[in-house]
Every structure is written in C-alpha cells, then in structure tokens.
Amino acid sequence: MALISADRDRFPNTPWQLVETRHEPGNAGTLETLFALGNGHLGIRGAHWAAADAELPGSFINGLHEIWDIKHAENAFGFARTGQRILYIPDANNFSVVVDGEALSLAESDVRDYRRTVDFFTGVYECRITWQCRSGAVVTTTERRAVGFASRGSLALSLEVAADRDISLDVTSSVVNRQDQPVEDHSVHDPRRAGRHAGRVLLPLRLDGGDGSLRLAWEAAESRQRVGVAVDHWTSAGVQPFETLVDQDDSSVRYVLAVSPDQPFRLEKSASYAAGRAVLDDGTDAAAVAEAGLRSVAEIFAESEAHFRAYWATSDIVVDGGDPGLQQAIRWNLFQLAMATARADVAGIPAKGVTGSGYEGHYFWDQEVYLLPYLTYTNPEGARQVLEFRHAMLPEAKIRAKELSVDGALFPWRTINGLEASAYYAAGTAQFHIAAAIAFAANRYVWATGDTAFSEGMGAELLMETARMWVSLGFFGKDGLFHIHGVTGPDEYTAVVNDNLYTNVMARFNLRAAAALDHPGVSQEERQLWQAAADRVQLPFDDRMQVHSQDNDFMTLEPWDWTTPRSKYPLLLHFHPLVIYRHQVLKQADTVLAMFLQWQDFTAEQKQRAFDFYDPITTGDSTLSACVQGIMAAEVGYSREALRHFTNAAFIDLDDTHGNTIDGVHIASTGGVWSSLVCGFAGLRDQGAVPYFDPRLPREWDGLAFHLKLRGRLLLVQLVSGAITLTVQDGEPLDVDVRGQVLTVGAEPVKVPLEAVTEPEPTVFPSGLPTASIPVVRPNG
C-alpha cells in the first residue's frame with residue numbers, strides 16, 4: 001500500500017522538503033528510513049527522540065562491521081567462510097523529556113500540533129511537537145539534527161523546550177549501545193533483512209564521563225574494529241548537569257530545572273565518532289581520536305547547509321509539468337544519493353547507504369552499475385575513490401579466483417572487507433558478472449573524466465585482472481564459439497545457467513577493453529586471446545521467437561503461472577528457489593539491462609523485441625528493475641510505459657512498495673532514478689566517440705534540465721518538447737552528438753530541434769495458457 005503518495009494531507013507535496021504534518025501509529029520504522037540523515041560515512045536514522053516512539057532506531061558508520069564463521073549445513077570447497085555485518089554504533093540520538101512528572105511520548109501523551117521535516121536544501125531534520133500536558137501546561141519541543149561534511153564523523157543535535165507557564169523539567173540525554181540490545185532476528189523470515197549476533201559484540205575499552213561530557217570507546221569482539229564517540233553538551237542560561245552516568249550500554253547526562261514561559265530551555269549536543277583505519281591499531285584511543293574531531297553544533301549545521309547549497313547548484317534535476325508530486329520524489333532520491341556517497345571517501349557504498357542495516361551493510365555490483373554513473377557525472381572524485389576501494393580488494397580477489405580455479409581476480413558478490421560473504425552461492429558467487437561491472441565502471445570513469453593517471457594505473461589493472469578471469473572461466477567449444485557456463489546473471493530467479501546473455505555481453509566488453517590497452521603487463525599472445533574470445537562469444541538467440549534468449553535454455557522453460565496472487569510476491573519469500581528456477585519468470589531486468597549498457601551492440605529492432613518479450617514476465621521483485629525497464633521503454637519509444645516504470649522507481653521507498661524500506665533506503669534504485677532521467681528521458685549514452693543524446697521527453701512533461709560534469713566541463717542540458725539546448729557553463733567547448741548530428745558546444749547555448757519519436761507497434765509473441773488454467777482430466781469410472 002502506498003505511503004507518501006496516498007496521503008498528501010499528512011505528507012504534503014513540497015518540492016524541497018519531506019514533511020509529515022500529523023503523527024499516526026504504524027509505519028514508524030519506514031519513516032525512520034525516509035527521514036534519515038547521512039554523509040556516506042556516518043548515518044543516523046530518523047527516529048523520534050523518545051524510546052517509546054522509535055521502532056528501529058540507530059546510527060551507522062560505513063564499513064564498521066563484525067564478523068563470524070558461517071556455518072553451512074552441508075559444506076563444500078570454496079564456500080564463503082566468514083560472514084560480515086554492519087554494526088549499530090552507540091547512538092547519540094536519545095532524549096527523555098519529563099514535564100511536571102509526565103514523560104512525553106507520542107504513544108502516551110496528548111499532542112496538539114505536530115510537524116517534522118527533512119530539508120533537502122540544507123540537510124537539516126526538524127521535528128516540532130506541541131503537547132498538552134496533564135499538568136495543564138502547553139509545551140513545545142523542537143529537535144533539530146544535522147551531520148557534518150567537512151567533519152564527516154560529526155553529528156549535531158539540539159532540543160528546545162518552551163512552555164506557556166512555569167514548569168518543572170527533567171531532560172536526559174543518552175548514548176545507547178543498540179548493537180547489544182535484544183532485538184528480533186528478522187532475517188529468519190526475510191533474507192533481505194539483517195540478522196543479529198548471538199553474543200555480545202561491542203566490548204568496552206573506555207568509559208569516561210563528567211560535567212556533561214562523555215568519552216566512550218568499544219571494540220568489536222571478532223573483527224577487532226574500534227569505534228569511539230565523544231559527546232559534549234551545552235545549555236542555554238548555563239544550566240549545569242544534575243548527573244552524568246557512564247555505562248557500556250547506556251551513558252547519560254541529566255538536567256533538572258525550572259523553565260519559565262519567557263525563557264525556553266535549549267540543549268545542544270555535539271557528537272563526534274571515530275572508526276575505521278584511524279582507530280584499528282592496538283593501543284589507539286578511539287575516544288581521543290573522536291574528541292579531536294568535536295565541533296560545535298552551529299559549525300556542524302553550517303557545514304551541512306554549505307555542502308547542500310553547493311551540491312544542488314550542479315546536481316539538481318528539474319522537471320516541468322506532469323505529476324506535481326514527482327519533483328519532490330526526484331529531489332528526495334537525489335538527496336539520498338548525496339547522503340550515501342558524499343563523504344564515503346575511499347570506501348564502498350552499502351546497498352542501504354548509511355540509513356539502515358538491510359543487506360548487512362554489504363557492497364554489491366549495485367555501486368558500479370547503478371551508483372557510479374551518478375557519481376561519475378556529478379562527483380568524479382567520489383567515483384574515483386569508490387574505484388580505488390575496489391582496486392584495494394585486488395589481493396583478496398586474486399586469492400578468491402584461485403579458490404574457484406580461475407585466473408586473474410574474482411571479486412566477491414557481497415562483502416565489506418573484501419572476502420566473499422554470500423552463503424548461497426547460486427545467487428551469490430555464481431554472479432561472476434560483478435567483474436565486468438567493475439571493469440565497465442572503471443572504463444566509464446576514464447571516458448568521462450580523461451583521468452590518464454587512473455587509466456594507466458589502477459584502471460588498467462582492474463581491466464587486465466578481470467579479463468584474465470573471464471578467459472579462464474569460459475572456453476572455446478566445438479562450435480568455435482566462446483562459452484561461459486555455470487553462472488547467474490542479474491536475474492536471480494534464473495540461476496547457474498549456461499551462456500547468460502548479460503554475462504556474456506558484459507564479459508565481451510571487458511575483454512575488448514582489456515585487449516585495447518597499451519600496457520606493458522599485457523603480452524601480444526594474451527591480447528590476441530582476449531580479442532578472439534570477445535569476437536566469438538556466444539549470444540543466445542531464439543530463432544522461433546526472433547529474440548535474444550536470456551541464456552541457452554531459458555526459452556525451453558515452462559512459463560510461470562501468472563494467476564499467482566499478488567500476496568505471493570516477492571516470489572523468493574513464498575517459493576523454493578528450485579520452483580522458481582524451473583520457470584520463465586524474472587526477478588529483474590537482465591537481457592534488457594545488457595542492451596542498455598551495451599547500447600551500440602544491438603539494433604533498435606532487437607531492443608524492442610527483447611523489451612516486448614521480457615517486460616511482461618518481469619515481476620519487479622527487485623528494486624533494481626523498474627529504472628532499467630523504464631530506460632529501455634523510453635529508448636524503444638513506449639513513452640507511457642517509460643513514465644510508468646520511472647514513477648514506480650521514484651516512489652519505491654517513499655511508498656515502501658517492496659515492504660522492506662524499514663531496513664534502509666534502496667540506494668541503487670535512487671541511482672537508477674538519476675539514470676532514468678539522464679539516460680532514459682534525455683537519452684544520454686556514453687563510451688562512444690563523443691557524448692550521445694537521443695531524447696525521449698514524456699508527453700506529460702514540459703521540460704527537463706540538469707548538469708553533467710564531463711571531461712572537465714560543466715554541461716547544462718535543457719530539454720523541452722521538440723528541442724534540446726546544450727551549454728558548457730564551465731570549461732572548454734565540447735563535441736556532442738545529438739541523434740547523429742555532431743555539434744561543438746561552448747558557452748553560447750546550442751539549440752537542436754527534435755522530431756517527435758513515433759511509438760512502434762508492440763511485438764506480439766505466441767504464448768500458452770498459464771499452467772493453473774489447464775483443466776484436470778479424470779478418467780471415467
């Protein structure tokens with residue numbers, strides 16, 4: 001059921017904010033995700049400050065994790081050995097407010113007015129609540145939050161309490177170790193959700209506090225990673241703490257005072273976290289490192305506002321016309337991208353960013369295929385750092401390759417520390433295509449930036465080692481073609497198959513790019529082998545259907561029973577994998593994704609027939625699918641379908657359409673929203689001779705505008721019905737191809753007329769009745 005779009009009175013359409021005007025029970029955990037803040041390194045969920053009003057509160061640091069030994073019921077050589085899971089860090093976002101003996105909470109108190117917002121333009125969270133207290137007093141509490149950007153480990157919290165009469169106020173500010181609190185293990189029922197550790201995880205190293213200040217540090221029991229937090233408090237009128245208590249699981253600072261109507265009480269809480277490389281070594285005082293990073297609350301708010309002011313100047317995407325709520329949804333998605341990536345630095349981007357613990361905080365292929373396009377064209381330095389992080393995993397990837405009897409490097413399907421953490425190999429390790437995703441992202445970054453230092457160093461090494469893996473994984477068959485067997489493509493509802501088309505197409509790209517390198521590490525013999533494999537790679541094609549087959553056997557599978565009720569979706573939660581694997585049914589776009597990424601290798605007719613065949617049998621059970629389906633629908637010319645898929649993608653989390661937004665934002669989908677706008681409706685295609693645009697503006701829209709950082713320039717793209725206008729706002733002129741016309745674009749706007757795109761007649765494929773409709777014939781007698 002829709003959440004945000006279903007109640008525009010409670011969640012009004014405001015283009016620069018997400019606003020909640022009324023509190024209602026239910027969906028608290030999902031809203032904690034939607035109102036979360038982060039900077040790519042530190043994240044804090046949007047929970048209310050009172051414990052009674054929070055469902056799944058917490059804070060996270062990218063990459064801070066615990067490990068454990070994976071216990072396989074039936075073991076085998078090469079299975080993943082070590083599990084990794086992101087940790088809930090000790091959480092500073094906790095207050096209790098007691099007025100005249102009444103503990104205020106949304107669950108138990110009388111609320112007269114309520115409004116909370118997260119402001120996309122400043123990065124500031126604010127929640128203002130007016131309470132009718134049992135003592136007769138009317139009290140208004142206002143909490144504001146922001147995370148630092150220049151100081152990426154910083155968190156600012158302020159709480160103001162104002163009253164219409166004299167009140168007795170008792171406020172406690174706490175730091176809670178949520179990781180070791182008893183919580184249900186939801187992963188038992190849903191593999192997309194995070195599990196819990198059996199024993200204690202965070203072991204205290206330092207527990208100091210006094211006079212309103214806290215200096216705390218812990219070490220993870222198995223990974224031995226450390227986290228420290230330093231917290232300082234400041235109050236209006238110089239109110240001193242009533243008491244400061246320190247404990248490994250709940251440290252607090254308490255204030256007890258009288259508050260008059262003419263002098264509200266304001267409490268400011270500055271927290272600084274330290275974790276990662278700076279505090280991993282034995283003897284490092286993580287709390288001291290955190291203390292050195294303390295900033296005032298005002299400084300942290302100013303950092304957030306300055307960062308987003310600069311961000312939106314070049315990263316905003318403006319849509320004119322259409323659904324009035326769509327602009328808000330677009331900016332919310334772009335806001336999530338900034339919060340997931342801005343200060344990740346040399347680290348990966350978790351599938352949920354730093355907004356939740358879903359997918360255990362792991363890095364997948366998502367970051368290369370769905371996030372790095374956005375980063376490459378809006379924050380090239382950030383893209384380079386993610387690629388540097390992947391490159392740092394090469395030693396482990398080479399060891400993993402040997403375990404699976406291939407050469408070169410085999411990157412883990414899901415990981416935090418570089419080791420494979422996927423315990424189900426059929427939908428994990430078998431997805432070898434992650435190697436091509438990394439090579440593709442590295443190649444795109446070099447193409448878009450011209451970074452020769454990277455291309456000659458780390459980029460070349462990534463291309464070479466992945467090419468060596470592909471040529472040893474595949475083989476030349478008796479038919480003279482190059483085959484890759486026993487793999488799983490992006491569609492996890494079809495596993496461990498031969499010649500998955502997406503895998504083969506992306507491996508071909510990888511091999512070609514490596515063969516084109518002018519690098520001393522590549523011998524002539526190796527280059528010729530890579531080129532021969534690329535030239536002869538098998539691309540399954542069904543002659544009867546005249547459509548590319550997802551793999552060698554896909555067209556022989558039994559069609560899925562499409563009378564299956566919607567309550568049985570996603571299928572992975574209701575059917576054994578073997579049931580799903582036997583049928584023609586897709587979790588997400590697979591062949592269609594290959595044709596988008598390798599756009600120049602397929603004809604318009606091939607793309608249309610593939611879309612027509614696969615789109616109806618794609619469940620969309622993966623949040624990675626709608627954006628890709630929309631991009632290809634736009635290219636084919638299906639304007640209505642393109643807009644429908646895009647709208648679905650834009651509201652995946654805002655409306656919690658997949659039922660697991662509680663565990664964090666689907667960050668790859670937010671990257672897909674960016675690609676849908678830039679690559680779908682504006683028709684950008686890259687890695688050719690020059691940037692190529694073939695726009696497909698929806699009929700319902702009046703215009704679309706955005707910026708791209710491209711080869712040292714800042715390119716403004718403005719699209720209206722019947723024309724595209726290009727302007728280089730910073731940098732030298734740039735050659736751009738618009739539907740086959742190459743133009744030199746400089747500081748003066750270049751306007752190109754566009755003919756309307758004719759919608760093609762859809763392909764009609766023969767299909768039988770669903771299995772469940774076949775009548776049961778019983779013999780007489």
Side-chain angles (χ1 to χ4, degrees), residues 65 67-85 187 191-192 195 348 350-351 359-369 390 393-441 462 465-475 483-504 506-507 510 550-551 572 576-578 580-581 587-588 590 593 622 624 668:
H65 66 279
I67 60 174
W68 73 95
D69 292 334
I70 297 175
K71 304 295 183 184
H72 296 279
E74 295 185 23
N75 216 337
F77 181 82
F79 277 16
R81 300 283 181 238
T82 306
Q84 305 141 43
R85 181 177 295 136
S187 66
R192 302 170 299 177
Y359 300 109
E360 314 281 13
H362 291 165
Y363 316 127
F364 295 79
W365 72 308
D366 303 11
Q367 66 180 12
E368 279 79 20
V369 170
R390 278 295 194 192
M393 290 182 176
L394 266 177
E396 291 85 359
K398 290 180 179 180
I399 293 172
R400 182 62 173 162
K402 291 179 180 177
E403 286 182 342
L404 271 76
S405 302
V406 292
D407 299 332
L410 178 57
F411 287 91
W413 174 245
R414 57 187 299 174
T415 190
I416 297 177
N417 60 12
L419 301 179
E420 179 62 80
S422 178
Y424 183 56
Y425 74 87
T429 301
Q431 298 201 54
F432 290 86
H433 64 84
I434 188 173
I438 293 168
F440 186 71
L462 287 171
E465 296 300 341
T466 49
R468 287 170 181 143
M469 188 280 294
W470 287 120
V471 84
S472 63
L473 177 66
F475 66 99
H483 299 272
I484 302 175
H485 285 184
V487 301
T488 299
D491 171 34
E492 294 175 349
Y493 283 175
T494 314
V496 193
V497 299
N498 295 336
D499 289 325
N500 168 252
L501 184 126
Y502 174 89
T503 302
N504 287 13
M506 295 301 289
N510 197 161
Q550 186 167 294
D551 58 70
L572 62 95
H576 191 283
L578 290 176
I580 301 173
Y581 295 164
K587 182 182 180 186
Q588 66 194 76
D590 193 300
L593 176 60
S622 168
L624 302 180

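This chain uses plain numbering: 1 for the first residue, then up along the sequence.
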Atom pair [atom1]/[atom2] of [X] and [Y] - distance to nearest 0.5 Å:
X      : Y      : atom1 : atom2 : answer
Asp366 : Ser622 : CG    : OG    : 8.0 Å
Asn504 : Met506 : CG    : CE    : 11.5 Å
Ile434 : Phe411 : CD1   : CZ    : 8.0 Å
Leu501 : Gln550 : CG    : CD    : 8.5 Å

Item to check | Tyr493/Tyr581 aromatic ring centres below 6.0 Å | outcome: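 No, they do not, as the ring centres are separated by 6.0 Å or more.
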Next on the checklist: Just to verify, what does Arg390 make a salt bridge (Lys or Arg N to Asp or Glu O under 4.0 Å) with, not counting sequence neighbours?
Outcome noted: Glu368
Where do [X] and [Y] come nearest, in terms of heavy atoms and distance?
X      : Y      : value
Gly486 : Asn498 : N-OD1, 3.2 Å
Tyr424 : Pro577 : OH-CB, 3.6 Å
Ala426 : Ala495 : O-CB, 3.8 Å
Ser422 : Gly428 : OG-CA, 3.3 Å
Glu420 : Pro412 : OE1-CA, 3.4 Å
Ala435 : Thr466 : O-CG2, 3.6 Å

Test item: [X] side-chain N/O and [Y] main-chain N/O as donor-acceptor pair under 3.5 Å:
X      : Y      : result
Arg414 : Tyr359 : yes
His72  : Ala80  : yes
Thr488 : Glu492 : no
Gln84  : Leu419 : yes
Arg400 : Gly78  : yes
Glu403 : Ile399 : no
Gln367 : Pro350 : no

Next on the checklist: side-chain contact (heavy atoms from CB on, under 4.5 Å) for Asn417 and His65? Distances and angles first, verdict last.
Outcome noted: CA-CA 9 Å; Asn417 60 12; His65 66 279; 3.7 Å; yes
Donor-acceptor pair between [X] and [Y] side chains, under 3.5 angstrom:
X      : Y      : result
Gln588 : Asp491 : no
Asn500 : Asp551 : no
His362 : Glu360 : no

Item to check | CA sep, side-chain torsions, deciding dist, call: Asp499, His485, side-chain contact (heavy atoms from CB on, under 4.5 Å) | outcome: CA-CA 6 Å; Asp499 289 325; His485 285 184; 3.7 Å; yes
Item to check | Aromatic plane relationship, Trp470 with Phe432 - under 30° parallel, 30 to 60° tilted, over 60° perpendicular | outcome: tilted
Next on the checklist: Run Thr415 and Met393 through side-chain contact (heavy atoms from CB on, under 4.5 Å) and show every step you take.
Outcome noted: CA-CA 10 Å; Thr415 190; Met393 290 182 176; 3.7 Å; yes
Checklist entry - side-chain contact (heavy atoms from CB on, under 4.5 Å) between Phe440 and Asn510: does it pass, once the steps are laid out? => result CA-CA 7 Å; Phe440 186 71; Asn510 197 161; over 6 Å; no
Checklist entry - In a check of side-chain contact (heavy atoms from CB on, under 4.5 Å) between Leu473 and each of Asp407, Val406, Leu404, which one passes? => result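 For Leu473, the side-chain contact (heavy atoms from CB on, under 4.5 Å) check succeeds only for Val406.
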Checklist entry - Do Leu593 and Tyr502 touch side chain to side chain, with heavy atoms closer than 4.5 Å? => result yes
Next on the checklist: Run the salt bridge (Lys or Arg N to Asp or Glu O under 4.0 Å) test on Glu465 and Lys398 for me, step by step, so that the C-alpha distance in whole Å, both residues' side-chain angles and the decisive distance to 0.1 Å come before the verdict.
Outcome noted: CA-CA 8 Å; Glu465 296 300 341; Lys398 290 180 179 180; 3.7 Å; yes
